[in-house]
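What follows is a short report on a single structure.
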Amino acid sequence: MARGPAGSDGSEDGLAKAIEIALTLGIFVVAGLGLDYWLGTAPWFVLSFGTVAFIVKFIVEWYRYRERMQVHEQEMASNRPSEQRGIDRATGFDEPASLPTGVSLDADADSSA
């Protein structure tokens with residue numbers, strides 16, 4: 001599988017994403033704690049802010065993943081020698097000139113031998 005820039009195996013990107021998700025969730029939870037303390041509403045803002053942050057980060061990462069996979073699939077498709085597959089694919093066997101001398105594709109010629 002092709003790699004990105006020299007020395008890049010994707011682990012730095014994965015670590016950055018993990019830190020981003022954890023910090024985002026942490027910031028929202030701390031903001032919820034502050035509002036709960038200020039308004040005296042116990043765990044409601046913590047739970048709601050934490051849940052919203054988790055769901056939004058999940059959706060954002062899902063769309064980022066889909067975009068990366070579409071780019072990856074397009075790169076793979078462009079590296080194929082031909083887009084024709086299966087029965088539509090042209091082969092060298094379709095041309096009679098490619099047969100060795102003395103060989104026939106006629107069924108009558110095969111049964112007479």
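The CG atom of Leu25 sits 9.0 Å away from atom OG1 of Thr51, with the distance rounded to the nearest 0.5 Å. If you take CZ on Phe49 and CG on Leu33, they are separated by 10.5 Å, rounding to the nearest 0.5 Å. To the nearest 0.5 Å, the span separating OH on Tyr63 from CZ on Phe58 amounts to 11.0 Å. Taking CH2 from Trp62 and CD from Glu67, the interatomic distance works out to 14.0 Å, rounded to the nearest 0.5 Å. Remark: Ser48 OG to Leu35 CG distance equals 8.5 Å, nearest 0.5 Å.
Salt bridge Arg64/Glu20: present, at least one basic N to carboxylate O contact under 4.0 Å.
At least one side-chain heavy atom of Phe45 sits less than 4.5 Å from a side-chain heavy atom of Leu39. The shortest distance between side-chain heavy atoms of Ile21 and Glu61 falls below 4.5 Å. Taking 4.5 Å as the limit, every side-chain heavy atom of Val46 sits out of range of all side-chain heavy atoms of Phe28.
For the side-chain contact (heavy atoms from CB on, under 4.5 Å) with His72, the lone residue among Arg68, Met76, Gln74 that qualifies is Met76.
No path of Ile, Leu, Val, Met, Phe, Trp and Tyr side chains, each step under 4.5 Å between heavy atoms, connects Val52 with Val30, placing them in separate hydrophobic clusters.
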